[in-house]
Amino acid sequence: MSLVSHPPLRLIVAFSMLISWSFAADSGFQAATCEGIYKRHVQGICTDAQDAIYWSWTDAIVKTDRQGHILRQVQAPDHQGDLCHVEGKLYVAVNLGKFNQPAGAADSWVFVYDSDSLAELARYPVPEVVHGAGGMAYRNGHFYIVGGLPPGADGNEVYEYDASFKLVKRHALASGYTLMGIQTVEYAEGAWWFGCYGKPAVLLRADEAFQMTGRWEINASVGIATLGQGRFLIAENLVGPDKRNTARVKLARADAQQGLIFEAPIPASP
């Protein structure tokens with residue numbers, strides 16, 4: 001018979017939660033609420049991996065500190081989508097036409113903003129995203145754009161571009177139909193993560209070759225941003241009684257079986 005004394009399970013769980021919370025605190029990014037109120041809902045988030053969160057609000061781009069206090073904001077043409085931060089610039093997937101229609105109705109672009117001033121720097125047409133550009137991410141010098149999907153389609157596509165926004169390749173994603181396509185995209189932990197609308201909303205995961213590796217009923221459809229070491233910020237849009245929108249970010253960590261696990265706050269002292 002073992003004489004080793006094991007701590008109660010509740011202490012083990014509490015300790016694990018404390019470690020997770022401590023990592024989040026050390027990274028500088030924690031759960032936060034954007035202090036602005038907007039007519040349209042949030043479409044995506046990203047960070048500069050240092051001290052700022054960027055929020056795309058359909059017709060506005062907003063920069064906050066890690067606590068959600070607004071540092072700068074600018075109006076922008078409708079519809080700004082998901083965005084990414086690369087070397088002092090923000091790249092935003094934009095559709096000035098219609099979403100989720102057969103080819104010819106969309107007007108797909110990438111808008112580029114200075115990440116400090118939020119001044120617009122450039123626009124690049126990406127007409128290959130035929131159902132409407134809605135989200136984008138960056139990896140190894142290339143940009144990856146996702147977007148809308150007409151009803152009845154049997155899968156999504158991911159469009160890979162070089163740094164000059166010349167199309168490199170279309171990647172078929174055997175996701176089946178997802179409502180209005182894919183809204184958000186992030187690369188982290190050796191995998192692609194895709195947030196989709198739906199009732200319930202769906203989170204997809206694929207490997208580096210865009211082969212599907214997971215599907216869960218998790219809502220990351222309005223923002224997913226990697227923090228490194230398996231942690232993410234996940235955006236949530238909130239609609240008030242006046243039909244105006246606010247948003248917050250929550251901490252989550254990657255899990256091989258469950259996709260994402262939202263992290264609990266630091267446990268209260270006994």
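The structure displayed is predicted, hence computed values, not measured ones. Count residues from 1 along the sequence.
In this structure, Phe143 and Asp162 approach most closely via the heavy-atom pair CD1-O, 4.0 Å. Shortest non-hydrogen contact noted between Cys34 and Thr64 is SG-CG2, 4.0 Å. In terms of heavy atoms, Phe232 sits closest to Thr226 at CD2-CA, 3.8 Å. Considering every non-hydrogen atom in both His41 and Val222, the closest pair reads ND1-CG1, 4.1 Å. When all heavy atoms of Leu118 and Leu90 are compared, the pair lying nearest together is CD2-CD1, 3.8 Å. Here the closest non-hydrogen pair linking Gln101 and Pro150 is O-CG, 3.7 Å.
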>> Set out, in order, the CA-CA distance, both residues' side-chain angles and the distance that settles side chain to side chain donor-acceptor pair (under 3.5 Å) for Asp78 and Thr58, then state yes or no.
In response: CA-CA 6 Å; Asp78 183 351; Thr58 308; 6.0 Å; no
> Under the ring pair (Phe, Tyr, Trp, His ring centres under 6.0 Å) criterion, do Tyr138 and Tyr91 qualify, and how do the steps go?
Replying inline: CA-CA 9 Å; Tyr138 176 83; Tyr91 295 82; 7.5 Å; no
>> One pair to check against side-chain contact (heavy atoms from CB on, under 4.5 Å): Asn100 and His131. What are the steps and the verdict?
In response: CA-CA 5 Å; Asn100 314 308; His131 307 306; 5.5 Å; no
> Where do Val158 and Ile145 land on the side-chain contact (heavy atoms from CB on, under 4.5 Å) test, with the steps shown first?
Replying inline: CA-CA 6 Å; Val158 181; Ile145 300 179; over 6 Å; no
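Using a 4.5 Å heavy-atom cutoff, the side chains of Leu233 and Leu227 are in contact. Looking only at side-chain heavy atoms (C-beta outward), Ile70 and Val62 come within less than 4.5 Å of each other. Here the side chains of His142 and Tyr161 are not in contact, with every heavy-atom distance at 4.5 Å or above. Annotation: side chain of His171 is in contact with side chain of Glu160 (closest heavy-atom distance under 4.5 Å). You'll find the side chain of Asp51 stays beyond 4.5 Å of the side chain of Asp65, heavy atoms only. Residues Leu121 and Tyr113 are not in side-chain contact: their nearest non-hydrogen atoms beyond the backbone lie 4.5 Å or more apart. In this structure, the side chains of Ile234 and Phe262 come closer than 4.5 Å at one or more pairs of heavy atoms. Between Arg72 and Asp116 the shortest side-chain heavy-atom distance falls below 4.5 Å.
For Tyr187, the OH atom is densely surrounded, since the number of other residues' heavy atoms within 6.0 Å is greater than 12. The 12-atom threshold is exceeded at CD of Glu35, counting heavy atoms of other residues, nucleotides or ligands nearer than 6.0 Å. Atom CD1 of Ile37 has 12 or fewer heavy atoms from other residues, nucleotides or ligands within 6.0 Å.
Seen from the ring of Tyr54, Lys63 does not count as a face-on cation partner, given the 6.0 Å and 45° thresholds. With Tyr159 as the aromatic partner, Arg170 does not meet the cation-pi criteria of under 6.0 angstrom to the ring centre and within 45 degrees of the ring axis.
Relative orientation of the Phe194 and Trp192 rings is parallel, given thresholds of 30° and 60° on the angle between their planes.
Taking the charged nitrogens against the carboxylate oxygens, Asp107 and Lys98 have no contact shorter than 4.0 Å, which rules out a salt bridge. Using a 4.0 Å cut-off between a side-chain N of Lys or Arg and a carboxylate O of Asp or Glu, Lys250 and Glu263 do not qualify as a salt bridge. Contact check on Lys89 versus Asp114 returns no salt bridge, with no Lys/Arg side-chain nitrogen under 4.0 Å from an Asp/Glu carboxylate oxygen.
A donor-acceptor contact shorter than 3.5 Å is absent between the side chain of Trp193 and the backbone of Leu204. With Ser115 contributing its side chain and Gly88 its backbone, the two residues share a donor-acceptor pair below 3.5 Å. Distance alone, capped at 3.5 Å, places no donor-acceptor pair between the Arg253 side chain and the Arg231 backbone. The main-chain N or O of Ala52 is never found under 3.5 Å from a side-chain atom of Thr47 such that the two would form a donor-acceptor pair.
Under the 3.5 Å distance criterion, with hydrogens and angles disregarded, no donor-acceptor pair is assigned to the side chains of Glu186 and Tyr144. No side-chain donor from either of Asp59 and Trp57 sits under 3.5 Å from a side-chain acceptor of the other. A side-chain donor from one of Gln43 and His79 sits under 3.5 Å from a side-chain acceptor of the other. The closest side-chain donor-acceptor pair between Asp82 and Thr184, if any, does not fall under 3.5 angstrom.
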